[in-house]
J.: 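The structure is given below, and queries will be raised subsequently.
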Amino acid sequence: MIALVDCNSFYASCEQVFRPDLKGKPVVVLSNNDGCVIAANKEAKALAYIPMFQPVYKIKKELKENNVVCFSSNYTLYSDMSQRVMNTLREFSPLVEEYSIDESFVDLSGHSKSQVIETAYEIKHRVKKYTGIPVGVGVGNTKSLAKLANRYAKKLAENEGVFVVDSEEKRIELLKWTKVKDVWGIGRKHAVRVEKTGAKTAYDFAKLPVAWVRKNMTVIGERLWRELQGEICNELTILPSAKKGIGTAKSFGYKLTDYGLIEEACAFYIAEVADLLRQQGSAAGKIEVFLTTNSFSNTDKQYRNRTIITLDTPSSSTIKLTKLALKGLRKIYRPGYRYKKVGVNLFNIMPKDNLQLGLFDVREKIENEALTKAIDLLNDRYGKNKVKVATVGNREKEWALIKEHRSPRCTTQWIELLEVS
DNA sequence: TCTGGGGTCCTAGGACCC
DNA sequence: TCTGGGGTCCTAGGACCC
């Protein structure tokens, strides 16, 4: 059996762990630039007018009137809390697949039926005790069933956050309760198609002819269909596979017209993604750079463009990648627009040790590598971005994200440690 | 005035090869 | 006048997830 453990309103819960005074109060967490609501605790959800991804400026009044506590997102804190939750889960099984920042699949094979139920409750209890984070636990024969069971566990109060699909009756109960659009793997588009056949619940979906599913929802849909019957199509995997693409793209805190600032942001992002690239021991063969104005605006002139640069030899050197990316940026930049976002993506990622070198690359490669190593070492010791490519500059405040309500990074920075009086 | 960011996988179709 | 069949690789776009 497989358990899916999912943290309740994870970001909001993380904030509340360090603010016990907020118990029982509505709390929301905002996206980058404090733009949208991306997490809400149950008190905030009870105020029905806070749908996720709602732009903050549209509901500012309501947030204030109801004394909803707002936090800017604090990913440093959330990642660290996530690791604490995952480490607790590893006490239950060596096979834990981290599916996202706030959920994991845990292998429970080899347990008897009663042990499974007992373990499910124990997981919930222990994670809360060790980390302060409330979780729901769903268990089933397949990932898809575990996922639906988790949802059922949380949504139906009498399940108390735990639901185990250990019989055919339970499986049918779960599928009949779950609406088509709420099935994991059926999004908006597919939900419409499925509902057109007359199917209303996951149970109805599982009764559709497999050929129809295959034709309309590709092999992914077919796997889901089979998993809902209890047939395993998606195995658990412990090791995170090396990323196929690494990218970053963030909206500026302000609309930018100054090319120099856009260049700084672009170079900054390259440094970030190149760092990730080196951490996984890879090199990239292609860089994409894109630039866009604010598509929501009715008044701004619109422009968006992108360019892809192919490297002669795959590289993970921040210096080399920066040079090429900025060349690309120059190519697509047009003056006279108010830009909203710049982004970079690295593709054609491959392991660094068995690269095919170009005829003239050897010397440059060696030089760059020693330099890059030295920079990484300094930044590890003295803090992120202490040594950087000059283009990055020091004007971050003029383009970086707005975070007006960020909580302290209490678990990763000595200086921001919580004080208890 | 103010609207997130980071991923994965699959398919169809074009270019190219023999 | 008549012009095949089988394959690979790449890319763009679509759909989904958190």
Side-chain angles (χ1 to χ4, degrees), chain A residues 4-11 28-39 51-61 63 70-75 78-79 82 97-105 143-144 147-148 150-151 180-194 213-224 233-234 237 240-255 265 269 272-273 276 280 285-286 288 290 292-300 306 308 310 338 340-349 400-404:
Chain A
L4 188 264
V5 183
D6 187 319
C7 303
N8 302 349
S9 326
F10 183 55
Y11 297 168
V28 299
V29 176
L30 310 179
S31 66
N32 281 337
N33 286 319
D34 298 342
C36 297
V37 174
I38 53 167
M52 287 306 117
F53 306 108
Q54 185 74 352
V56 170
Y57 74 92
K58 282 192 184 167
I59 53 169
K60 215 156 201 164
K61 208 172 119 220
L63 292 174
C70 297
F71 288 95
S72 302
S73 29
N74 181 352
Y75 288 103
Y78 310 150
S79 315
S82 169
E97 177 181 337
E98 291 184 26
Y99 179 69
S100 76
I101 193 166
D102 74 335
E103 59 188 296
S104 266
F105 290 100
K143 283 184 174 177
S144 303
K147 185 80 186 175
L148 292 198
N150 183 288
R151 204 171 157 277
V180 163
K181 68 171 174 41
D182 297 325
V183 175
W184 184 48
I186 300 185
R188 266 219 332 264
K189 296 277 170 68
H190 284 332
V192 172
R193 264 179 240 176
V194 172
V213 176
R214 173 73 195 224
K215 180 154 174 278
N216 289 278
M217 300 170 68
T218 78
V219 66
I220 295 184
E222 180 176 342
R223 280 187 206 133
L224 166 66
C233 298
N234 300 300
T237 48
S241 41
K243 297 232 186 324
K244 313 245 158 75
I246 300 179
T248 192
K250 295 182 193 84
S251 302
F252 305 125
Y254 311 91
K255 302 289 172 295
Y269 296 156
E272 262 183 3
V273 293
L276 291 172
Q280 71 166 41
K286 282 187 182 175
E288 176 189 19
F290 66 90
T292 157
T293 51
N294 179 15
S295 59
F296 286 106
S297 171
N298 298 319
T299 48
D300 281 8
R306 63 180 202 129
I308 292 178
T310 305
R338 298 173 70 226
K340 167 79 178 157
K341 185 193 281 186
V342 71
V344 297
N345 281 307
L346 303 180
F347 297 116
N348 282 28
I349 290 177
L401 307 172
I402 296 171
K403 283 179 186 281
E404 286 186 2

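Hydrogens, waters and symmetry mates play no part in the numbers below; they use all other heavy atoms, side chains included. Every chain is numbered from 1 and lettered A, B, ... according to where its sequence line falls, protein lines coming before strand lines.
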J.: Looking at every strand, decide which applies to A:Tyr99 at a 4.0 Å heavy-atom threshold: base, sugar-phosphate, or nothing.
T.: sugar-phosphate

J.: Mind checking if A:Ile186 touches a base, just sugar-phosphate, or nothing, with heavy atoms under 4.0 Å?
T.: sugar-phosphate

J.: Does some side-chain heavy atom of A:Phe10 sit less than 4.5 Å from a side-chain heavy atom of A:Ser82?
T.: yes

J.: When you check the phosphate oxygens OP1 and OP2 of B:dC9, does a side-chain N or O of A:Arg223 lie under 4.0 Å from one of them?
T.: no

J.: Mind checking if A:Gln54 touches a base, just sugar-phosphate, or nothing, with heavy atoms under 4.0 Å?
T.: nothing

J.: Between the main-chain N or O of A:Arg338 and the side-chain N or O of A:Thr293, is there a donor-acceptor pair closer than 3.5 Å?
T.: no

J.: Hey, is the side chain of A:Lys60 poking within less than 4.0 Å of OP1 or OP2 on B:dT3, counting only N and O atoms?
T.: no

J.: Between the side chains of A:Glu222 and A:Lys215, is the shortest nitrogen-to-carboxylate-oxygen separation below 4.0 Å, so that they form an ion pair?
T.: no

J.: OP1 or OP2 of B:dG6 versus the side-chain N and O atoms of A:Lys250: is any pair under 4.0 Å?
T.: yes

J.: Among B:dT3, C:dA15, B:dT11, find the nucleotide with the atom closest to the side chain of A:Arg214.
T.: B:dT11

J.: Has A:Ser31 got a side-chain atom pairing as donor or acceptor with A:Ile38's backbone, closer than 3.5 angstrom?
T.: no

J.: Of the options B:dG6, B:dG7, B:dG5, whose atoms approach the side-chain atoms of A:Thr248 most closely?
T.: B:dG6

J.: What dot-bracket string describes DNA chain B from 5' to 3', counting Watson-Crick and G-U wobble pairs whose defining distances are under 3.5 Å, with [ ] for crossing pairs and | for pairs to another strand?
T.: ....||||||||||||||

J.: Can you check whether any acceptor in the base of B:dT3 is under 3.5 Å from a donor in the side chain of A:Tyr57, or vice versa?
T.: yes

J.: Do any N or O atoms from the side chain of A:Asp300 and from the backbone of A:Asn294 form a donor-acceptor pair under 3.5 angstrom?
T.: no

J.: Evaluate the criterion salt bridge (Lys or Arg N to Asp or Glu O under 4.0 Å) for residue pair A:Lys403 and A:Asp34; output intermediate values, then yes/no.
T.: CA-CA 6 Å; A:Lys403 283 179 186 281; A:Asp34 298 342; over 6 Å; no

J.: Is the distance from OP1 or OP2 of B:dT1 to the nearest side-chain N or O of A:Lys255 less than 4.0 Å?
T.: no

J.: Is the ring centre of A:Tyr75 less than 6.0 Å from the ring centre of A:Tyr11?
T.: yes

J.: Atom CZ of A:Arg193 to atom C1' of C:dC16: distance rounded to whole Å?
T.: 12 Å

J.: Taking atom C1' in both C:dG4 and B:dC17, what distance in whole Å separates the two?
T.: 14 Å

J.: Categorize A:Arg306 for me: base, sugar-phosphate, or nothing, with a 4.0 angstrom heavy-atom threshold over every strand shown.
T.: sugar-phosphate

J.: Go through C:dC18, B:dG4, B:dC2 for me and flag the one nearest to the A:Cys36 side chain.
T.: B:dG4

J.: Does A:Lys286 have a side-chain nitrogen or oxygen under 4.0 Å from the phosphate oxygens OP1 or OP2 of C:dT11?
T.: yes

